[in-house]
There are 2 protein chains.
Amino acid sequence: MGHWTGEQLKARAGVLKAMAHPARLRVLEALAERDHCVCEMQALVGSDMSTVSKHLSVLRNAGLIADEKRGTNVYYRLLVPCILKSLDCVETVLQKQAQKHRVLAGKAGA
Amino acid sequence: MGHWTGEQLKARAGVLKAMAHPARLRVLEALAERDHCVCEMQALVGSDMSTVSKHLSVLRNAGLIADEKRGTNVYYRLLVPCILKSLDCVETVLQKQAQKHRVLAGKAGA
DNA sequence: TGGCTATTTGGCTAAAATGCCAAATAAGAA
DNA sequence: TTCTTATTTGGCATTTTAGCCAAATAGCCA
């Protein structure tokens, strides 16, 4: 909880950066439910297969997911189940922001 | 907990992206303790004042912090105290990664 | 008012991230 | 082995981010 070193800050920022993309969040969300192969995730994300593969490698390099070959496909699994729960506070941020916008728009008051 | 829409994913990714920088994490860490003025945070971050100011505006636009003028200085405060606790799982990621690296280096086994 | 002091903004350059296509790989099926 | 399918990698163009300097603001103090 004390002061982090520059290296520690960099490492933490790196993990956050890996998560900070809509497609990659979508992947994490899916993997929190069950393992998925790349082709399934391409359908979810809706981008080119090569793009999806690169997103997956970002998440893998960050230590968030791992891959495993099963038959013809490569399946990915979530290494850190807590990661989606750690978005709870992000939710709070968005709620507060929505609240503020409502107030600024004069539609309601707290 | 269900499936997020594209907009929801984008909003969540946006907040994470705002956090995903060493200097900005350092700022959040400091503000979790108490309010700080910009000049104090410049000392903490060690970059040009204008750079620090831009980092602060990223965090402000994301809804994570707010500013308030007090005398000569502008003080920032953390709007969402839970945000640093939401890094607990990031910690877990780093620990698992360090563990894996130890195993790959053959220095120990679980 | 004029001059500070603290902070923000504009402008610019360098670096990193995105996403597509095409080519390379890997591995099962025939 | 050869064909095919699933995935990764290389390359490239476009966009976004980062960080510095210099200039613009804002507000206090004399």
Side-chain angles (χ1 to χ4, degrees), chain A residues 6-7 9-28 30-31 34-79, chain B residues 6-7 9-28 30-31 34-79:
Chain A
E7 277 309 309
L9 288 168
K10 212 166 119 185
R12 278 149 189 76
V15 174
L16 289 172
K17 185 150 61 176
M19 299 172 62
H21 188 288
R24 296 198 289 265
L25 278 183
R26 186 76 191 80
V27 164
L28 291 175
L31 294 183
R34 62 171 174 80
D35 296 1
H36 287 265
C37 67
V38 180
C39 54
E40 287 172 323
M41 291 189 283
Q42 178 189 17
L44 282 174
V45 168
S47 308
D48 191 89
M49 169 93 80
S50 68
T51 299
V52 174
S53 178
K54 277 173 184 174
H55 282 311
L56 292 170
S57 104
V58 169
L59 292 171
R60 179 158 31 79
N61 289 334
L64 289 164
I65 64 178
D67 59 330
E68 177 192 357
K69 191 132 202 175
R70 295 185 203 160
T72 315
N73 300 322
V74 174
Y75 276 80
Y76 279 84
R77 73 173 189 282
L78 188 59
L79 284 178
Chain B
E7 279 309 309
L9 288 169
K10 212 165 120 185
R12 280 148 187 77
V15 175
L16 289 172
K17 186 150 60 175
M19 299 173 62
H21 189 288
R24 297 197 288 265
L25 278 183
R26 186 79 191 79
V27 164
L28 291 176
L31 294 183
R34 60 171 175 80
D35 296 1
H36 286 265
C37 66
V38 181
C39 53
E40 287 173 323
M41 290 190 283
Q42 178 190 17
L44 281 174
V45 168
S47 307
D48 191 89
M49 170 93 81
S50 68
T51 300
V52 174
S53 178
K54 278 173 184 173
H55 282 310
L56 291 171
S57 105
V58 169
L59 291 172
R60 176 157 34 77
N61 290 334
L64 289 164
I65 64 178
D67 60 331
E68 177 192 356
K69 191 133 201 176
R70 294 184 204 161
T72 316
N73 299 321
V74 176
Y75 276 79
Y76 279 86
R77 73 173 188 282
L78 189 59
L79 284 178

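This one's a predicted model, so the numbers in the text were calculated from it and none came from an experiment. Just so it is clear: chains get the letters A, B, ... in the order the sequence lines come, proteins before strands, and each one is counted from 1.
Remark: P of C/dA16 and NZ of A/Lys54 are 16 Å apart, rounded to the nearest angstrom. Atoms CZ (B/Arg70) and C1' (C/dT7) sit 16 Å apart, rounded to a whole Å.
Within residues 37-48 of chain A, the residues that have a heavy atom under 4.0 Å from DNA chain C are, in order of number, A/Ser47, A/Asp48. Near DNA chain C, defined here as any heavy-atom distance below 4.0 Å, there are no residues from residues 56-69 of chain B.
To the nearest 0.5 Å, the span separating NZ on B/Lys10 from NE2 on A/His21 amounts to 10.5 Å. Within the model, atoms SG of A/Cys37 and NZ of A/Lys69 stand 11.5 Å from one another, a figure rounded to the nearest 0.5 Å. Here the straight-line distance linking atom CE of B/Met49 with atom NZ of B/Lys54 works out to 13.5 Å at 0.5 Å rounding. For the atom pair CZ (B/Arg24) and CD1 (B/Ile65), the distance works out to 10.5 Å, reported to the nearest 0.5 Å.
Protein chain A touches strand DNA chain D; the 5'-most and 3'-most nucleotides with an atom under 4.0 angstrom of its non-hydrogen atoms are D/dA6 to D/dG11.
With a 4.5 Å cut-off on side-chain heavy atoms, B/Arg26 and B/His55 do not count as touching. At a threshold of 4.5 Å between non-hydrogen side-chain atoms, the residues A/Leu31 and A/Leu59 do not count as touching. Here the side chains of A/Asn73 and A/Glu40 are not in contact, with every heavy-atom distance at 4.5 Å or above. Counting heavy atoms from C-beta outward, B/Leu78 and B/Leu28 have side chains that approach closer than 4.5 Å. In this structure, the side chains of A/Val38 and A/Leu56 come closer than 4.5 Å at one or more pairs of heavy atoms.
Within the 4.0 angstrom heavy-atom criterion, only backbone atoms of the sugar-phosphate kind lie near A/Arg24; the bases stay farther away. Within 4.0 Å (heavy atoms only), B/Tyr76 reaches sugar-phosphate atoms of the nucleic acid but no base atom.
In this structure, the side chain of B/Glu68 does not engage the main chain of B/Val74 through any donor-acceptor pair within 3.5 Å. Using modelled atom types, one side-chain atom of A/Asp48 and one backbone atom of A/Ser50 make a donor-acceptor pair closer than 3.5 Å.
For C/dT5, neither phosphate oxygen OP1 nor OP2 lies less than 4.0 angstrom from any side-chain nitrogen or oxygen of B/Asn73.
For B/Lys17 and A/Ser50, each mapped to the nucleotide of DNA chain C holding its nearest heavy atom, the one lying further toward the 5' end belongs to B/Lys17.
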